[in-house]
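Shown next, in structure tokens, is the structure this report addresses.
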Amino acid sequence: MERLSKIISRRGLASRRLAETWIQQGKVRVNGKVILLPEHHCDPDKEEILVSGKQIPPEEAPITFLLHKPKGYLCSNTRIHPNQKLAIDLLPPIRRKLFTIGRLDKDTEGLLLVTNDGAFSQSVIHPRNNIEKEYLLKAKENISHEHLVSMGKPMYIEKRLVRALSVKKVRKNTCRIVVKEGKKHEVRLLAKRAGLSVH
């Protein structure tokens, strides 16, 4: 017996958080009955589980890639325009639904984890696990002590107060920023507030 949200996540359909949202929205049925509690326990080998009317796929062996995402690629599984480049396009074709763990915006390059393992993904991105994310920011300006102090101060992003764990200068126009959650555009927003133009 296992939590329903965990089962959906382990089958590679979504992160644990998204699976919980689907359940709370009434999109998940177990043996024909709508279940609204993510913590509901069931046995996927003995019970029928449907998500949006479709039976969940059999459990796949977990697979995880380390991927360097170049500039110009999106961290998404949905191609809005035919010419859009997705990070998962850089991987060899395999018959599994893969997704990136966390995101880097289109103009940012760096190391990503790409997986089909929802439980592993959740263990990496959930704030309670205190996994740090490190960014190197290259600015058009020379970075001063005042810039570093400004970027180290807390700020609100998406109605949540966030703060870099550390901000250190490594070259005249480059600094290393360590964050815990990595909210959307957090590093770029910290730099903008400090008056820096991201190169």
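Lys69 places no side-chain N or O within 3.5 Å of a backbone atom of Leu67 that could act as its donor or acceptor partner. A side-chain donor-acceptor contact under 3.5 Å links Lys169 to the backbone of Ile143. For the pair Arg193 (side chain) and Lys153 (backbone), a donor-acceptor distance under 3.5 Å is present. For His199 (side chain) and Ser197 (main-chain N/O), no donor-acceptor pair under 3.5 Å exists by modelled atom type. Of the possible polar contacts, one joining the Asn31 side chain to the Glu48 backbone as a donor-acceptor pair under 3.5 Å is found. No donor-acceptor pair under 3.5 Å is formed between the side chain of Arg29 and the backbone N or O of Gly53.
Classification of Glu20 and Arg3 as a salt-bridged pair holds, one side-chain N sitting under 4.0 Å from a carboxylate O.
A pairwise comparison of heavy atoms in Gln84 and Thr78 identifies OE1-O, 4.1 Å as the closest pair. Between Gly102 and Ile125, the shortest heavy-atom distance links the atoms N-CG2, 3.9 Å. In plain terms, the two heavy atoms of Lys85 and Arg79 that are nearest each other are CA-NH1, 4.4 Å. Between Ala164 and Leu190, the closest heavy-atom pair is CB-CD1, 4.3 Å. Contact between Pro38 and Gln24 at its shortest, heavy atoms only, is CG-NE2, 3.8 Å. Arg11 and Pro57 make their closest contact through NH1-O, 2.9 Å (heavy atoms, listed as atom of the first residue, atom of the second, distance).
Using a 3.5 Å distance cut-off with no hydrogens or angles, the side chains of Lys180 and Asn130 do pair a donor with an acceptor. No side-chain donor-acceptor contact under 3.5 Å links His147 and Ser150.
Ile94 is connected to Leu91 through a chain of hydrophobic side-chain contacts under 4.5 Å among Ile, Leu, Val, Met, Phe, Trp and Tyr, so both are in one cluster. In this structure, Met151 is a member of the same hydrophobic cluster as Leu189, with clusters built from ILVMFWY side-chain heavy atoms closer than 4.5 Å. If you chain together hydrophobic residues whose side chains sit under 4.5 Å apart, Trp22 and Ile7 fall into the same group. Ile23 and Leu50 fall into different hydrophobic clusters, where Ile, Leu, Val, Met, Phe, Trp and Tyr are joined by side-chain heavy atoms under 4.5 Å apart, directly or via other members. Placement of Leu137 and Val167 within a single hydrophobic cluster is found when ILVMFWY residues are connected by side-chain heavy-atom separations under 4.5 Å, directly or transitively.
A 6.0 Å sphere centred on NE2 of His68 holds more than 12 heavy atoms belonging to other residues, nucleotides or ligands. A 6.0 Å sphere centred on CZ of Arg188 holds more than 12 heavy atoms belonging to other residues, nucleotides or ligands.
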Scan the side chains in residues 113-124 for donor-acceptor partners under 3.5 Å anywhere in the protein, sequence neighbours excluded, and list what turns up.
from	atom 1	to	atom 2	distance (Å)
Thr115	OG1	Ile63	O	2.9
Thr115	OG1	Thr64	OG1	3.0
Thr115	OG1	Asp117	N	2.9
Asn116	OD1	Ile63	N	2.8
Asn116	ND2	Glu60	OE1	3.0
Asn116	ND2	Ala61	O	3.2
Asp117	OD1	Ala119	N	3.2
Asp117	OD1	Phe120	N	3.0
Ser123	OG	Phe120	O	2.6

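The distance from atom NZ of Lys6 to atom CD of Glu39, rounded to the nearest 0.5 Å, is 14.5 Å. Between atom OG of residue Ser5 and atom CD1 of residue Ile35 there is a gap of 12.5 Å, rounded to the nearest 0.5 Å. Atom CG of residue Asp105 and atom NZ of residue Lys71 lie 10.0 Å apart, to the nearest 0.5 angstrom. For the atom pair His185 NE2 and Asp107 CG, the distance stands at 9.0 Å (nearest 0.5 Å). One distance of note links CG of Leu74 with CG of Leu104; it measures 11.5 Å at 0.5 Å rounding. The distance from atom NZ of Lys168 to atom OG of Ser166, rounded to the nearest 0.5 Å, is 5.5 Å.
Two residues are said to be in side-chain contact when any heavy atoms from C-beta on lie closer than 4.5 Å; Val28 and His40 fail this criterion. Phe65 places none of its side-chain heavy atoms less than 4.5 Å from the side chain of Ile88. By the 4.5 Å heavy-atom criterion applied to side chains, Asn173 and Lys138 are counted as neighbours. Inter-residue side-chain proximity for Ile177 and Glu134 is flagged as unmet; no heavy-atom pair is nearer than 4.5 Å. Side-chain contact between Ile8 and Val51 is present, with at least one heavy-atom pair separated by less than 4.5 Å.
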_Using side chain to side chain contact (heavy atoms under 4.5 Å, CB included), reason through Asn77 and Leu86 one step at a time and then give a plain yes or no._
CA-CA 7 Å; Asn77 284 32; Leu86 305 181; 5.8 Å; no
Steps toward side chain to side chain contact (heavy atoms under 4.5 Å, CB included) verdict (Val162, Val179): CA-CA 9 Å; Val162 298; Val179 300; over 6 Å; no
